[in-house]
Amino acid sequence: MLSLVPLMIERVGIILITVFLFSQLKAFRRLILHNQSMKEKLLLLLIFGFFGVLSNYTGVEIHGDSRMANTWLLDIEADSAIANTRILGVTIGGLLGGPFVGLGVGLIAGLHRLFLGGFTAEACAISTVLAGLAAGYFGRRRKQKKQLTAGYAILIGVSMEIIQMALILLLASDMEPAWQLVQIIGLPMIVINGIGMLLFMLIIQIILREQERTRALQTNAAFAIADRTLPYFRKGLNTDSCNKVAEIMLEWTEADAIAITDKHGVLTHVGVGSDHHLPIHGFATELTKRSLREGRVLTAKSQEEILCSHPNCPLRAAVVLPLRVGEETVGTLKLYFMNPNDLTRVEQELAEGLANLFSTQLELAEAEQQSKLLKDAEIKALQAQVHPHFLFNSINTISILCRTDPNQARRLLQELSRFFRSNLQGARHILIPLEKEIEHIRAYITLEQARFPEKFMLQLEMEPGLEQILVPPFLLQPLVENSVKHGFRDTEANGIILISIKRKEGYVSITVKDNGRGIEQDKLNQAGQQTVDSVTGTGTALINIRERLEGIYNHEATMLITSKQEAGTSIRIQLPNNQKGEIPYDDSLYRRG
């Protein structure tokens, strides 16, 4: 039995070396990392089926008298058996690919083992099929609940080896040679294959960790590009600004050329192909026209798909992403590649993220232009209170999470985009649906809770059917911000902000209440009426809210502030039920592109 151990270690080494070589292929990594389509499941089935066949060929032949043949096995004698690593590949294939892949791999490896012969051929073939099916079933269940771990894989693999030994004994026509064989190969195969399972899963986990690092780098790159391009996109879509943006993107991405268009033509093309992809009125490729027309992301992996009219164009792959302001597609961002293999999933995800950020920047530019035309001075004054340090603090928090928790960083980035989108779009209306104001608050709270996880929590109590009532923008968010910044100042935890929204006779009552520090009595009398002398705030937000309520609702709306030091503050707003805005509400500005 002991003489079998080094031979088994050698066989596991062959499989692991093969797996390591496969792990360097981008195609294999994609199969491991992503949810597989049927085509990808078939590829996974063939790859792990190959591992099973390789394990059969490289097994150690065990003769009845315990002699071992250390040769490549094309067929074996009728009274012989094989000690190999077949269960290793079958189990891993099932765990990663699910029951379909597990059953397919088990059939390939099992039928091949049956073909080789030997007195345990039937038992080994049956156990291999069962192992693949069982591993697929347990792997799918495990993935639905939690991450697939090395320990879990070892448990399944060792269990399958034990079942295989049991089947050899149960199906043997002659118990004596079967028992002698299990005594020789049982423990070495269980232990060595368990170790192989551990090393195999470590390789898989290295691939997964590398994906997380790639995502973190991708997020950092997106931040860097967004930070450097913001000053240019704030000038809108024009030749000069787009040329600068394209140069920055060419430096920070793997693309061979970058182009940006508006609805009418190419504004800039930087990099390979710039000799014929010229800034023109009109478009050099049909792919751009389709993206503008359909408003969706399009990819091409050949010159024919790009549909460039130039016969010697060296660009062979492209991803075209629409740039939107609200629901309108105002232009496109295009990344070109000379080698189609360079257009990876990572590059496409980075491009899609940048297109969303650029769309938000363009909305910012448009909102800034429109803000010059707004006559509602109160709304503009309230907007100005979105302090730059809130943006900087949020970006710093997200930057830290990029390394420790990329998925949380991505979620916070979406909330930051949603928060500023609400700020920008709120300036275009006198009234918005209440649910939009609630979304604005939730985005703000999520970003603040990322900085101070245990400091406070938000509770919302709203009667059904009130989601679509129209309220002034920035009605509740400044009140919640006051609770966070002033009410919970110098506190460590257990802060509660309660928003209660109820319908009363002829009115809608909205209350924002916290259990914070409260307001001093001399300042409470001035709150909402005039600015106060304070190092933490002047009360301008409350004044703006009161003045807008008076103007919009013709003094029919009321705001009452009550507070007690160290017991919290309550602000109750009553809005008439029959309010109408001075400007019609257009919900398309809130639908995300």
A side-chain contact here means heavy atoms from C-beta on lying under 4.5 Å apart; do [X] and [Y] qualify?
X      : Y      : answer
Ile203 : Leu199 : no
Pro433 : Leu470 : yes
Gln205 : Leu202 : yes
Leu88  : Met197 : yes
Pro472 : Leu431 : yes
Tyr232 : Asn243 : no
Val484 : Tyr444 : yes
Ile445 : Ile497 : yes

Ignoring hydrogens, what is the shortest heavy-atom contact between [X] and [Y]? Give both atom names and the distance.
X      : Y      : value
Val272 : Pro314 : CG1-CG, 3.3 Å
Ala109 : Gly52  : CB-CA, 3.9 Å
Lys41  : Gly97  : NZ-O, 3.1 Å
Pro322 : Ser359 : O-OG, 4.2 Å
Leu267 : Cys242 : CD1-SG, 3.7 Å
Gly89  : Val105 : O-CG1, 4.4 Å

Under 3.5 Å, is there a donor-acceptor pair between the side chain of [X] and the main chain of [Y]?
X      : Y      : answer
Glu437 : Leu476 : yes
Asn482 : Lys485 : no
Asp256 : Met338 : yes
Gln468 : Leu434 : no
Arg296 : Arg293 : no

Chi angles and distances behind the side-chain contact (heavy atoms from CB on, under 4.5 Å) call for Gln449, Phe456: CA-CA 7 Å; Gln449 284 178 330; Phe456 59 87; 3.8 Å; yes
[atom1]/[X] to [atom2]/[Y] distance, rounded to the nearest 0.5 angstrom?
X      : Y      : atom1 : atom2 : value
Thr446 : Ile441 : OG1   : CD1   : 11.5 Å
Phe200 : Leu95  : CZ    : CG    : 10.0 Å
Ile195 : Thr85  : CD1   : OG1   : 13.0 Å
Ile260 : Asn238 : CD1   : CG    : 10.0 Å
Ile156 : Phe138 : CD1   : CZ    : 5.5 Å
Asn312 : His276 : CG    : NE2   : 8.5 Å

Test log, rule side-chain contact (heavy atoms from CB on, under 4.5 Å), inputs Leu333 and Met249: CA-CA 10 Å; Leu333 170 67; Met249 286 196 63; 3.6 Å; yes
SB check Arg451 Glu448 (cutoff 4.0 Å): yes
Glu254 atom CD: more than 12 heavy-atom contacts under 6.0 Å: no
Other residues, nucleotides, ligands: >12 heavy atoms within 6.0 Å of Lys455 NZ: yes
side-chain contact (heavy atoms from CB on, under 4.5 Å) between Phe48 and Val90, intermediate numbers included: CA-CA 7 Å; Phe48 281 93; Val90 171; over 6 Å; no
Aromatic plane relationship, Phe51 with Phe22 - under 30° parallel, 30 to 60° tilted, over 60° perpendicular: perpendicular
Trace of the side-chain contact (heavy atoms from CB on, under 4.5 Å) decision for Ile258 with Thr253: CA-CA 10 Å; Ile258 303 290; Thr253 66; 4.1 Å; yes
